[in-house]
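First up is the structure itself, then whatever we jot down about it.
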Amino acid sequence: MKKYKPFLILIFIALFSTPAFSADKISAQRQKFITFALKYQGVKYVYGGTTPKGFDCSGYVDYVANHGLGIQLPRQAQAIYNKVKKISPKEREPGDLMFFKNDMKSDRITHVGIYCGVYHGSNKKFEGKRVFISAVSDGPRTGVILAGIDERFWKNHFFAYGRFLPSTKDWNKKHSK
């Protein structure tokens, strides 16, 4: 039992230190992407940042996709938006991307985040709410943070969902053979 104790402690920390999200079963690839993204919660915001020393929004999303899954995304939010498949809110799954605009009259995407699903964890503010994670530069909370998709600021600036990973249904078809 002594040789397994450190392993059991690590499992306990992993299970109880990160938020849990509920969704229909998602692909292992999507779960890996979200789990990897959550590891960087609390990292400070740095304009142009692309490492755990500091991220901006697109640097964070690209870093998580690249280092978590081996998928390189473009370096700017607008370029990521241009590359992904646009999907409806009904189609979204945890692991899809969310895109925002500061000015809804503009064509320019100014922010990108990762949709995580419905939160069930220790933060009562988010309990039962749909959340996303992103690197935020301004406001009451900055850095890599969780935010509710229905919070007024985000709701007012939300533009679209995008997909760069196969849907869970497509991934399961391909990997069940």
Side-chain angles (χ1 to χ4, degrees), residues 4-45 52 55 57-58 60-69 71 73 80 84-85 87-100 111-173 175-176:
Y4 295 109
K5 193 172 183 177
F7 179 71
L8 292 174
I9 290 170
L10 286 175
I11 288 176
F12 181 82
I13 290 170
L15 288 174
F16 296 104
S17 65
T18 59
F21 296 95
S22 69
D24 293 333
K25 290 201 174 211
I26 61 172
S27 70
Q29 184 184 42
R30 287 173 173 273
Q31 187 60 60
K32 183 177 179 181
F33 181 55
I34 292 168
T35 300
F36 194 76
L38 292 169
K39 289 168 64 171
Y40 299 97
Q41 193 172 353
V43 170
K44 69 182 177 179
Y45 180 89
F55 291 114
C57 67
S58 57
Y60 170 67
V61 170
D62 175 50
Y63 183 90
V64 172
N66 194 3
H67 290 84
L69 300 175
I71 299 171
L73 293 174
I80 295 171
V84 301
K85 175 185 176 187
I87 59 171
S88 74
K90 290 180 182 178
E91 296 174 279
R92 76 171 171 236
E93 296 181 46
D96 286 329
L97 302 180
M98 297 180 70
F99 296 93
F100 301 86
H111 190 73
V112 60
I114 302 165
Y115 177 67
C116 296
V118 178
Y119 179 88
H120 296 289
S122 59
N123 187 331
K124 297 299 178 199
K125 174 181 178 180
F126 297 123
E127 183 61 35
K129 295 182 180 168
R130 295 171 298 153
V131 299
F132 72 104
I133 190 165
S134 67
V136 178
S137 64
D138 197 14
R141 298 177 296 140
T142 62
V144 177
I145 64 164
L146 280 177
I149 69 171
D150 292 321
E151 291 177 28
R152 189 169 65 172
F153 177 84
W154 298 113
K155 194 173 189 173
N156 289 341
H157 292 84
F158 173 75
F159 182 70
Y161 286 100
R163 175 168 291 161
F164 75 100
L165 296 173
S167 71
T168 295
K169 182 179 176 182
D170 290 344
W171 194 88
N172 287 342
K173 279 182 191 175
H175 291 87
S176 65

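Every heavy atom of this structure was used, including side-chain atoms; hydrogens, water molecules and symmetry mates were not. Worth saying up front: this structure is predicted, and the values here are computed from it rather than measured.
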Is any side-chain heavy atom of Ile149 closer than 4.5 Å to a side-chain heavy atom of Phe158? no

Measure the shortest side-chain to side-chain distance between Tyr115 and Met98 over non-hydrogen atoms and say whether it is less than 4.5 angstrom. yes

Any pair with a residue in residues 132-143 that passes salt bridge (Lys or Arg N to Asp or Glu O under 4.0 Å), sequence neighbours left out, goes on the list, sorted by first then second residue, please. Arg141-Glu151

Residues forming a side-chain contact (heavy atoms from CB on, under 4.5 Å) with Phe36, sequence neighbours excluded: Lys39, Tyr40, Tyr63, Val64, His67

Least distance between heavy atoms, Ile26 atom then Pro94 atom: CG2-CD, 3.8 Å

Check for a donor-acceptor pair, side chain of Tyr60 on one end and backbone N or O of Gly113 on the other, with a separation under 3.5 Å. no

Knowing that exactly one of Tyr161, Trp154, Phe153 qualifies, which makes a ring-ring contact (aromatic ring centres under 6.0 Å, His included) with Phe100? Trp154

Quick one: list whatever passes side chain to side chain donor-acceptor pair (under 3.5 Å) with Asp170, sequence neighbours left out. Ser167

Residues in side-chain contact (heavy atoms from CB on, under 4.5 Å) with Ser58, at least two apart? Asp56, Arg75, Ile80, Val112

Check: Glu93 and Asp96 side chains under 4.5 Å, non-hydrogen atoms: yes

Could you report the tightest heavy-atom contact between His120 and Gly128, atom names first, then the distance? CE1-CA, 4.2 Å

From OG (Ser134) to CZ (Phe99), nearest 0.5 Å: 12.0 Å

Might you point out which heavy atoms bring Ile133 and Cys116 nearest each other, and give the distance in Å? CG2-SG, 3.8 Å

State whether the side chain of Glu127 and the backbone N or O of Ser122 hold a donor-acceptor pair below 3.5 Å, judged by distance alone. no

In terms of heavy-atom contacts, Phe164 and Gly95 come closest through CE2-O, 4.1 Å

Approximate separation, where rounding is to 0.5 Å, of Arg152 CZ and His157 NE2: 10.5 Å

Nearest-0.5 Å distance, CZ of residue Phe132 to CD1 of residue Ile145: 7.0 Å

The side-chain contact (heavy atoms from CB on, under 4.5 Å) partners of Gln29 (sequence neighbours excluded) come to Ser27, Leu69, Ile71, Leu165, Pro166, Trp171

Show the nearest heavy-atom pair for residues Gly162 and Val84, with the distance to one decimal. CA-CG2, 3.6 Å

Before you tell me yes or no, could you show the steps for Leu146 and Asn123 under side chain to side chain contact (heavy atoms under 4.5 Å, CB included), namely the whole-Å CA-CA distance, both residues' side-chain angles and the distance that decides it to 0.1 Å? CA-CA 10 Å; Leu146 280 177; Asn123 187 331; over 6 Å; no

So which atom in Ala135 and which in Cys57 form the shortest heavy-atom distance, rounded to 0.1 Å? O-CB, 3.5 Å

Lys155: which residues meet the side-chain contact (heavy atoms from CB on, under 4.5 Å) condition with it, sequence neighbours left out? Asp150

